[in-house]
Each structure stands twice: as structure tokens, then as C-alpha cells.
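All remarks here apply to the structure that follows.
The chains referred to below are lettered A, B, ... by the order of the sequence lines, with proteins before strands, and numbering in each begins at 1. Computed over heavy atoms, backbone and side chain alike; hydrogens, waters and symmetry mates excluded.
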Amino acid sequence: MSLRFYDTRARTVREFTPLHEGRVSLYLCGATVQAPPHIGHIRSGVNFDILRRWLTHKGYRVTLCRNVTDIDDKIINVARSEGVAWWEVSERNQRAFTWAYDTLGCLPPTVEPRATGHVPEMVELMARLIDRGHAYAAADGSGDVYFDVRSFPDYGALSNQRVDQMRGAADSADERAKRDPRDFALWKGARPGEPSWPTPWGAGRPGWHLECSAMATKYLGPAFDIHGGGLDLVFPHHENEVAQSNAAGDGFARYWLHNGLLTMGGEKMSKSLGNSLLIPEIVRKVRPVELRYYLGQAHYRSVIDYSDEALLEAAAAYQRIEGFLVRAGEVVGEVAPAAEVPAEFAAALDDDLGVSPALAVVHGHVREGNSALTEGRKERVADLAGQLRAMLGVLGLDPLSGQWGGTEDTAGLRDVVDALVSVALEQRQAARARKDYAAADLIRDRLGAAGIVVEDTPHGPRWELRRG
RNA sequence: GGCGGAGUGGCCGAGUGGCUUAGGCAAGGGACUGCAAAUCCCUGUACACGGGUUCGAUUCCCGUCUCCGCCUCCA
């Protein structure tokens, strides 16, 4: 079966064919860096990281452009309230986003452009729109530049709305000089004390939507394959992007993919609602890879209503997978990921990124692998472990990938601990041999208290550090 | 007012006009074990409600209820 995705604009699943053979250009709306990321942002990051990894696995050369909105009203407000420069706020939060993406195993984008670094491209785009009669500078001299919604018949096509039914866009607080209340700001003229960049129409700053059009075009070309982002960006952000770019004569995105939102207690998690759950807080409860499993296991378009219980369940499920690979490694040594993933797994991901049925294949392999391990069928164990690593690699969840493993230092430390624990385990085995179970259990309990879990197997005892 | 999504067994979460009706977590039973852990096997008979279409609907259609998102900054 072919690769296909649900396209927001078509409102149906469409077969995916890239613009250029063997290559995929992907634009993601990244963060407005007014605050550190919450798990909703990272859910989006994980969803699209899986998409990116799957495309890469299928042999496409993926160019991923993920922007950073480093200037906007809220950043200015945060800076003001803290008495620092706007760029201190955006730098600090951009680092927090990068840390969170890295921590969750999201591969870095090919390019990560910032809005304020692309003012000339935005000016060029505005000039084109004005020339073509789709935009105008405010007549009041405020420096605002607006997109003329009425001049573009397709406005509303992406979000399936008719202009007449829309409420006015209050994207400039005082509605300075719009011809139509639904017109949106391409550029916001500077008020006293605000950071600004010069343009032919006056000094000001980007009006959010414009930057994505300008940067997507710069890095991916006038037409590109996939544009992704959260469902809450469909309108107005993406509607406005596509309107600007199409009106300027650019083909823009060919497929629109939107991830479902993350809620907590049934309410959308949002910086402005103040119910943000931050990453450092969660990775105290579970390991980052377990959080990734939790965020990635549901279909990317479904809502995830966050709960600690569900998070811990996901961690348990992940540990089952990890447990097999660790035990397999002890028996057959390190197995490299297989070159190919099972057909059923591939079919699941090809079908609009069906991670859930793909994980069913993963768990099936784990179950069979555990049986093979019990039965001592080493070749089968190695075979299944290799396939599992390949599948988990696509999902960014391979516990042996190094991405999730310890550092060189802790690997060395592990050998030291192993030697020490072995001494204790030899004592315990001796006690068991003379049926002194009280002594044997005491040793196990003391190791347990130190965070070392002992398991007896047909091949002798094994130990590992308690997870979590 | 407009646009869109959702309600699945104790929990999470896929999916489908009928077939062995995913998978995980938890629970119960069994195997293994000195015990435990891990693992394997078995078990649960679910699709908000009311109609309709159909030989047959959780799956299609209509209506109702509830919840959520967007239409304003938001992944």
C-alpha cells in the first residue's frame, strides 16, 4: 500500500507523492518563545519527529524547517514585566524548547530559522502582495500593513469557513485602519518603546503569519510538500499563511497535517490558560523515553487527555519492551537494528501514521521474543531483537540506541557495580544452595534497598537497576 | 451564529458492516520458582442514547444528550 496522510485542506486521506522524487520538504510551525514548552508542544514535536523518521526510513531525504517566532506581543510583555530585553526572553525560552526536544529524542530540524532574522524576506513578500492588490499599508500612517481578505476568493478554504460567517480578527488591538474587520496584519507598526525593524511602510514588527510564509519559501521553495502544526493553528495562522503565499503567486504547502491537542482535565493545555505541565516536572515521574512513548502511542490526530495514571501505564508498557531487549542482549549480545521493518508495521505507519497498530506489532514481537528467550532459541531471539530495534528506531524509542542510554562514564561505572553485585549474588547463591533462604532473601532485600533488582532465571541470577 | 472533532470492556487506546471483533496497563486463574521478580498460557464478551437502512451495525443514515477544539494569542 502507498503512503497516505489525512490532509486538513482536503478533509480526507490522500495518497502522498512528493514534489521531487525521493525528497520531502517539511515545514513545521515551531514555538512562539514566550515561555518554556509544556507537554502539548512536545507532543506535537514527537508526532512530527515520528513522521520525519518514517519518511527517512522509507528512503526520502527530508528537509525539515521548523521556525521560531522570537518576537511577538507576549514576548514584549514578558520582557517588560521582567525589565529585560525582548531577546533575553526569546533566547532563554528557545533554549528551553531545544532542551525539551532533545530530551524527548526529537531529531533536530535541518534548519531552524528565527523570525527576526528574516525581515528582508518578509518585506519582499509584502511588496509582492501590495503590487498584486492583495495587501495595503494602513492609511492612518500607523505603519500597519494588512492583507485584504476580500481580494482573495479562496480565503477560508483551508479551515472550511466562509468569510461572511467569520467574526472580525482583532489582531491589532485598536483596529487601526482595516478596510474589513477580517483583514489581518502582515506587519504591525511600532508603538513607542517597542522593538522595530524598518520597512518602506514604516518601522514595525512581523505580524506572525507573515514570517512562516517568508521562511518556508526561503528554505523550502515557493511550493513544498508538507506543512504541519497543532490543530489550533489551522485558523487563523495557517489559513492566513496559505492566503498570503497563494495570493503572492506561490504554490505553498501541498499537504496540511495537524496534530490533535493535549488536554488536562478535559481542557486544552495552553500557555494562556495557565495549566501548563512542564517537561522537567514530568521527567521526575517517568524517564523521558517513557514520556515519549506516552505522547507518541496515540494517533497523532486524536486528543490526549493527560493523566498521571495513563503516563505510568505507558511507562510500564515501555518497560516490557525494554526488558526483552535488555535480556536478549545478555543472551545473544548486541544485535544491530534490522534493515527492514515488518510489513505489517510498515503498513500501519503508511496509513496516516498509525502508530497504535504499529505498536501492536512491536508488542507481538516482544511476546514471541520472550518465549524464544525462555526456550533458548537464540537465533530467533536475535532476529526478533533486530526487528524490534528497527521498529523502535522509527518511533524514536529504541532503548539501545545510545540516545536513551547512559554516558560512557556510567557504562564504566556499571562494570564496577556488576563486580560488586556479583560478590553479593555469589553469597546468595551459596545460601540458596544450602537452603538458607533467610540469608538469601536478606541479601536480595539489601540489594533491593540499594536500588538493585535481582531476578532468578534458569541460567542463574541477573540484576538491574530499578527503573524510574 | 459558523466550522470541526469525540463519547469503545476497570483504565489507556486502535479498528471494523458479519470472520479468531488490535495492542497495552490493571485484575483473576494456571505454568515456572524455595519464595519473589520476570516471562508464558487462559479469562473478561465493550462500543453514549433513541430511531432508521440492512439478512445482519459498535461500524452507514437521521435525531438526542454530553464533552472538546477553532472562529481572539496558542503546538
Side-chain angles (χ1 to χ4, degrees), chain A residues 8 11 28-32 34-35 37-48 66 69 72-74 77 97 156 159-171 173 182 208 228-237 239 258-263 266-273 276 293-294 297-299 301-305 307 309-321 323-324 327 344 348 354-364 366-375 432 435-438 440-441 444-445 448 453-458 461-462 464:
Chain A
T8 302
R11 288 182 288 286
L28 288 183
C29 276
T32 300
Q34 46 154 315
H38 57 60
I39 51 174
H41 298 110
I42 297 307
R43 187 249 173 122
S44 182
V46 168
N47 287 154
F48 286 107
R66 186 182 64 207
T69 299
D72 89 320
D73 292 2
K74 288 186 178 161
N77 289 339
F97 267 87
S159 57
N160 192 32
Q161 302 184 93
R162 274 164 298 175
V163 174
D164 299 333
Q165 310 269 30
M166 290 179 194
R167 299 173 182 176
D171 65 352
R182 296 165 197 85
W208 187 33
L231 199 57
D232 53 350
L233 297 183
V234 175
F235 192 91
H237 187 49
E239 188 73 69
H258 291 98
N259 64 274
L261 302 182
L262 187 140
T263 62
E267 192 177 45
K268 176 182 172 181
M269 186 168 292
S270 152
K271 282 178 270 198
S272 34
L273 290 175
S276 292
Y293 183 94
Y294 172 61
Q297 66 172 345
H299 188 92
R301 284 190 287 110
S302 65
V303 175
I304 293 179
D305 190 42
S307 74
E309 293 72 26
L311 176 68
L312 294 174
E313 283 180 11
Y318 181 75
Q319 286 170 22
R320 182 178 135 75
I321 298 168
F324 166 69
R327 290 190 298 276
E344 200 184 338
V355 172
S356 301
L359 279 172
V361 179
V362 167
H363 280 104
V366 169
R367 193 182 324 106
E368 197 195 334
N370 278 322
S371 293
L373 215 41
T374 303
E375 293 156 15
R432 292 181 73 204
K435 299 207 190 301
D436 182 359
Y437 295 121
D441 290 350
R444 185 170 63 193
D445 290 347
V453 180
V454 175
E455 294 174 4
D456 293 316
T457 79
R462 62 180 293 273
E464 59 184 56

Sugar-phosphate, base or nothing in reach of [X], heavy atoms under 4.0 Å:
X: A:Asn160; result: sugar-phosphate
X: A:His237; result: nothing
X: A:Leu262; result: base
X: A:Gly156; result: nothing
X: A:Ser302; result: sugar-phosphate
X: A:Gly266; result: sugar-phosphate
X: A:Leu261; result: base
X: A:Ser371; result: sugar-phosphate
X: A:Arg462; result: nothing

Tell me: [atom1] of [X] to [atom2] of [N], nearest whole Å?
X: A:Leu312; N: B:rG13; atom1: CG; atom2: P; value: 14 Å
X: A:Tyr293; N: B:rG24; atom1: OH; atom2: C1'; value: 6 Å
X: A:Tyr318; N: B:rC12; atom1: OH; atom2: C1'; value: 19 Å
X: A:Ile321; N: B:rC25; atom1: CD1; atom2: C1'; value: 12 Å
X: A:Lys268; N: B:rA6; atom1: NZ; atom2: C1'; value: 16 Å
X: A:Asp73; N: B:rU72; atom1: CG; atom2: P; value: 15 Å
X: A:Phe324; N: B:rG24; atom1: CZ; atom2: P; value: 15 Å
X: A:His38; N: B:rA75; atom1: NE2; atom2: C1'; value: 7 Å

> Does A:Asn370 place a side-chain N or O at less than 4.0 Å from the phosphate oxygens OP1/OP2 of B:rC40?
Replying inline: yes
> Hey, does the side chain of A:Thr32 come within less than 4.0 Å of B:rA75's phosphate (OP1/OP2), counting only N and O?
Replying inline: yes
> Nucleotide by nucleotide, 5' to 3', does protein get under 4.0 Å of the base (B), only the sugar-phosphate (S), or neither (-) in nucleotides 28-37 of chain B, counting heavy atoms?
Replying inline: ------BBBB
>> Between A:Lys74 and A:Thr32, is the side-chain contact (heavy atoms from CB on, under 4.5 Å) condition met? List the steps.
In response: CA-CA 9 Å; A:Lys74 288 186 178 161; A:Thr32 300; 5.9 Å; no
> Hey, is the main chain of A:Gln297 close enough, under 3.5 Å, to the side chain of A:Ser356 for a donor-acceptor pair?
Replying inline: yes
Between [N] and [M], how many Å separate the two [atom1] atoms, rounded to a whole number?
N: B:rC47; M: B:rG2; atom1: P; value: 32 Å
N: B:rC40; M: B:rG52; atom1: P; value: 47 Å
N: B:rA22; M: B:rC61; atom1: P; value: 23 Å
N: B:rG50; M: B:rC3; atom1: C1'; value: 27 Å
N: B:rC12; M: B:rA26; atom1: C1'; value: 10 Å
N: B:rA36; M: B:rA31; atom1: C1'; value: 16 Å
N: B:rG28; M: B:rG69; atom1: C1'; value: 40 Å
N: B:rG9; M: B:rG15; atom1: C1'; value: 15 Å

Could I get a table of every N or O pair under 3.5 Å where one atom is in the protein and the other is in nucleotides 16-23 of chain B?
residue : atom : partner  : partner atom : Å
B:rG23  : O2'  : A:His363 : ND1          : 3.3

Is there a side-chain contact between [X] and [Y] in this structure, where contact means two heavy atoms from C-beta onward sitting under 4.5 Å apart?
X: A:Thr457; Y: A:Arg327; result: no
X: A:Ile304; Y: A:Arg43; result: yes
X: A:Arg444; Y: A:Asp456; result: yes

>> So if I take every side-chain heavy atom of A:Phe235 and compare against B:rA75, B:rC25, B:rC70, which nucleotide ends up nearest?
In response: B:rC70
Checking [X] now: which residues fulfil side chain to side chain donor-acceptor pair (under 3.5 Å) with it, not counting sequence neighbours?
X: A:Glu309; result: none
X: A:Glu464; result: A:Arg462, A:Arg467
X: A:Thr8; result: A:His258

Taking only residues two or more places apart in sequence, or in another chain, which ones meet [X] in a side chain to side chain contact (heavy atoms under 4.5 Å, CB included)?
X: A:Val303; answer: A:Thr263
X: A:Arg320; answer: A:His363, A:Val366, A:Arg367, A:Asn370
X: A:Ala310; answer: A:Tyr294, A:Ser307
X: A:His237; answer: A:Cys29, A:Trp208, A:His209, A:Cys212, A:Leu233, A:Glu241

>> Can you list everything that forms a ring pair (Phe, Tyr, Trp, His ring centres under 6.0 Å) with A:His38? Sequence neighbours excluded, please.
In response: A:His41
> What residues form a ring pair (Phe, Tyr, Trp, His ring centres under 6.0 Å) with A:Phe48, not counting sequence neighbours?
Replying inline: none
> Which residue lies toward the 5' end of RNA chain B, A:Glu313 or A:Phe97, if each is placed at its nearest nucleotide?
Replying inline: A:Glu313
>> On RNA chain B, does the nearest nucleotide to A:Arg11 precede the nearest nucleotide to A:Arg43 from the 5' side, or the other way round? Give the residue.
In response: A:Arg11
>> Only Watson-Crick and G-U wobble pairs with both distances less than 3.5 Å should count. Give RNA chain B in dot-bracket notation, marking inter-strand partners with |.
In response: (((((((..(((.....[....))).(((((.......)))))....(((((..]....))))))))))))....
